[in-house]
Structures are given as structure tokens and as C-alpha cells.
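Taking it in order: structure first as C-alpha cells, then the write-up.
Quick caveat, the model's predicted, so the values are computed rather than measured. Scope of the values below: all heavy atoms of this structure, side chains included, with no hydrogens, waters or symmetry mates.
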Amino acid sequence: MKLAIIGCTGLVGSVVLKVLDEFSVKISNLTLVASPKSIGKKIAFRNKYLTIVSVEQAVKEKPDIVIFSAGSLVSEKWAPEFSAVGSKVIDNSSFWRMKKNIPLVVPEVNGFNIKKSTKIIANPNCSTIQLAVALNEIHQKFGLKRIVISTYQSVTGTGTAAVTQMNNERKGLKSEKIYPHPIDQNCFPHGGDFLENGYTSEEIKLVDETQKIFNDNNIKITATVVRIPVIGGHSESVNIETHRSFEISDIIESLNNTEGVVVQNNSETFDYPMPITAQNKNDVFVGRIREDNTVENGFNLWIVSDNLRKGAATNAVQIANYIIDNNLL
């Protein structure tokens with residue numbers, strides 16, 4: 001299988017390389033692409049050094065699968081070029097996610113939406129992925145009625161420059177400001193761009209993408225996105241109402257039976273999910289599972305996952321594996 005990675009030097013692209021190796025994905029030829037300033041540089045992969053090439057060269061090589069992690073503008077321009085030569089495109093940007101007839105895929109939840117005829121597959125937003133994984137079986141059993149989400153998102157979701165800003169602030173050094181406020185020892189309710197309705201683009205993604213993944217526009221969803229000065233992963237405080245009644249033991253059982261979920265829910269031993277323990281892991285961790293007695297059929301979850309792993313790179317590699325395993329090339 002011929003594979004290409006567009007944006008191999010970024011935070012997500014570099015993790016894609018690690019996950020490909022960890023998952024032992026069989027690759028006959030790997031093509032690495034980055035910005036023009038990186039062309040000619042070498043990157044180590046499986047005891048070899050691979051030379052970064054231009055995106056034009058990568059198209060000529062007609063890879064079977066292409067993983068994009070280079071932003072919306074690059075995906076908009078080049079994803080159709082790769083699909084035109086027969087490549088399956090897995091795109092990490094937001095550009096294709098809400099396009100009609102483009103599947104938005106979390107393999108454990110809706111991998112069945114990928115067909116042999118599918119040319120472009122969208123990778124959901126990192127916060128959406130961990131939410132969808134955690135709620136999948138619960139939705140199937142009890143029906144999601146309403147979700148209220150507050151996120152506590154790692155600065156790694158904004159990229160290398162944001163991590164540099166935070167680390168420099170901790171050292172008392174000046175650097176380029178990616179955010180309008182200090183990151184270190186701070187948190188601010190701002191992710192993405194502010195919209196006319198008062199929400200941010202990151203908050204609207206949680207609404208639109210969750211409904212699309214579950215194929216249910218009747219799920220009522222509202223969200224507040226907050227950036228916090230951590231690098232380990234994204235956390236979510238989620239309040240859920242379902243259509244059908246349950247015992248809290250039913251929710252715990254459903255989560256224990258959900259592929260990709262690890263339950264950490266022991267208050268006596270202070271066992272609950274945290275970014276510092278979720279970092280570099282591919283699972284979605286769920287804890288603080290408790291009933292909400294203020295509404296009918298309500299409960300609360302605390303959901304944590306490494307946003308560079310399951311929230312981006314791991315999910316993309318799992319999509320690639322799904323394509324290979326189901327002979328969809």
C-alpha cells in the first residue's frame with residue numbers, strides 16, 4: 001500500500017507517523033509532504049530516512065491513501081487533486097466535514113459510511129471525536145435528547161506556536177502571541193472565531209459534527225469551549241439527557257462495553273480521567289459518572305482524551321486501517 005502524509009512536520013503529522021508505526025500498518029511506499037521550506041529535509045521512519053517532497057510530486061506518485069494535516073486551504077486545493085488520481089483522502093482539517101456526501105467518520109461509531117466509491121473522508125474535530133466515542137452506545141440504547149458541553153482544551157489543539165507561547169511565558173520570555181491573552185496560569189472561553197450569534201466556531205463544530213456523526217439533527221446540543229494551559233489532551237464536562245430511562249449502572253455498563261473507552265470512575269481512590277494521564281494514549285477516558293437529579297433521564301460525564309492522538313492522528317490512522325481491512329481501496 002502506498003501512503004502519503006501531507007503536513008508531516010506539524011504536531012498532528014508527526015504523531016501520525018508514530019501511530020502508523022505503533023499500529024504496524026503495512027506500507028510499501030510512504031511519501032512525506034510539508035511546506036516548501038521543508039522540502040529536501042529527511043525524517044526517520046522505521047529505521048529509514050525519508051526525504052520530504054512537494055505536494056505536486058506526491059500527486060504524481062498516486063498513493064492509495066493520503067492523510068492531510070496541513071490546514072483547510074491546503075485540503076481544499078489538493079484533496080480533489082489526489083482523489084482525481086484514485087487516492088482515498090483522509091482530511092484532518094475542517095474544510096470537508098460538513099460538506100454533503102462527505103462522510104465524517106469515527107470508525108467505532110460510523111465507519112460503515114465509508115464506501116468503495118468514497119473519495120474524501122473527513123476526520124472530525126478533536127473534541128467531537130472523544131464525545132462521539134463515549135456516547136455512541138448510550139445513544140443506541142437510550143437515545144440522546146440534549147447535551148450540554150463545557151470543554152477544557154489543551155493548547156496543542158492550536159499547534160506548535162501556541163505551545164511555544166505557553167512555554168516561553170513560563171520562562172518569562174517574549175514570543176509571538178497566538179492568543180490575545182496569556183496562556184500560562186490562565187484559561188479563557190475562546191476557541192476558534194467568534195460568530196454573530198455569540199458562539200465560537202469551535203463550539204458550533206461540536207453541535208454540527210455530533211449531529212452529523214450520529215445522523216440525528218434532533219439532538220439538542222450547546223457548548224462552551226475553554227482553552228487551558230496544558231498539553232496532555234482535551235477534557236469535557238458533559239451533561240446528558242436521554243429519551244429513555246436508565247439506572248446509572250446501565251450507563252456505566254454501556255461505557256464499559258464501548259470500544260475505545262476506558263472507564264476511570266472510583267472516587268474512593270481518586271481515580272478519574274486527567275490530561276496528564278491520557279497523554280500519548282489512544283483511548284477515550286470517562287469518569288465522574290453520576291446522575292443529574294434536576295432533570296428527567298439526566299447524568300454527567302467527565303471525558304478526557306489526547307487530542308493529538310484519538311482526537312486527530314489515531315482516528316485518521318484507524319480510518320486508514322478500516323479502509324484496508326474492509327477492502328475499500
So for atom [atom1], which belongs to [X], do other residues, nucleotides or ligands contribute more than 12 heavy atoms lying within a distance under 6.0 Å?
{"X": "I276", "atom1": "CD1", "result": "no"}
{"X": "E296", "atom1": "CD", "result": "no"}
{"X": "N215", "atom1": "CG", "result": "no"}
{"X": "L73", "atom1": "CG", "result": "no"}
{"X": "R290", "atom1": "CZ", "result": "yes"}
{"X": "K281", "atom1": "NZ", "result": "yes"}
{"X": "D193", "atom1": "CG", "result": "no"}

Mark yes or no for whether [X], through its side chain, and [Y], through its backbone, hold a donor-acceptor pair below 3.5 Å.
{"X": "S54", "Y": "Q57", "value": "yes"}
{"X": "S87", "Y": "S83", "value": "no"}
{"X": "D306", "Y": "N280", "value": "yes"}
{"X": "S75", "Y": "W96", "value": "no"}

Are [X] and [Y] within salt-bridge range, i.e. N to O under 4.0 Å?
{"X": "K177", "Y": "E169", "result": "no"}
{"X": "E209", "Y": "K212", "result": "no"}
{"X": "K141", "Y": "E253", "result": "no"}
{"X": "R46", "Y": "D21", "result": "yes"}
{"X": "K2", "Y": "D64", "result": "no"}

Is the closest side-chain donor-acceptor distance between [X] and [Y] under 3.5 Å?
{"X": "E61", "Y": "T31", "value": "yes"}
{"X": "D292", "Y": "T294", "value": "yes"}
{"X": "T242", "Y": "N297", "value": "no"}

Please report the interatomic distance [atom1]([X]) to [atom2]([Y]), rounded to the nearest 0.5 Å.
{"X": "S254", "Y": "N136", "atom1": "OG", "atom2": "CG", "value": "10.5 Å"}
{"X": "T258", "Y": "I138", "atom1": "OG1", "atom2": "CD1", "value": "6.5 Å"}
{"X": "N300", "Y": "E291", "atom1": "CG", "atom2": "CD", "value": "10.0 Å"}
{"X": "H234", "Y": "C126", "atom1": "NE2", "atom2": "SG", "value": "3.5 Å"}
{"X": "E56", "Y": "W78", "atom1": "CD", "atom2": "CH2", "value": "4.0 Å"}
{"X": "I149", "Y": "L131", "atom1": "CD1", "atom2": "CG", "value": "5.0 Å"}

Between Y199 and F194, does the ring centre distance come in under 6.0 Å? no

Indicate, with yes or no, if the rings of F299 and F246 have centres closer together than 6.0 Å.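 Between F246 and F299, which both carry aromatic rings, the centre distance is below 6.0 Å.
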
Taking all heavy atoms of [X] and all of [Y], pick out the closest pair and write down the distance.
{"X": "T151", "Y": "E236", "result": "CG2-CG, 4.1 Å"}
{"X": "Q165", "Y": "H181", "result": "NE2-O, 3.5 Å"}
{"X": "E202", "Y": "Q153", "result": "OE1-NE2, 4.0 Å"}
{"X": "I303", "Y": "A134", "result": "CD1-CB, 3.8 Å"}
{"X": "I129", "Y": "P124", "result": "CD1-O, 3.5 Å"}
{"X": "T51", "Y": "K42", "result": "OG1-NZ, 2.7 Å"}

Can you confirm if the NZ or CZ of K48 lies within 45° of the ring axis of F45 and under 6.0 Å from the centre of its six-membered ring?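 Judged by the rule (NZ or CZ under 6.0 Å from the ring centre, within 45° of its axis), K48 is not positioned above F45.
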
Do [X] and [Y] make a side-chain contact, defined as non-hydrogen atoms from C-beta onward lying under 4.5 Å apart?
{"X": "P63", "Y": "L3", "result": "no"}
{"X": "N315", "Y": "P107", "result": "yes"}
{"X": "I319", "Y": "I114", "result": "yes"}
{"X": "N321", "Y": "V25", "result": "yes"}
{"X": "F82", "Y": "K62", "result": "no"}

Give me the one residue out of N92, D91, T128 that meets side-chain hydrogen bond (donor to acceptor under 3.5 Å, both in side chains) with N123. N92

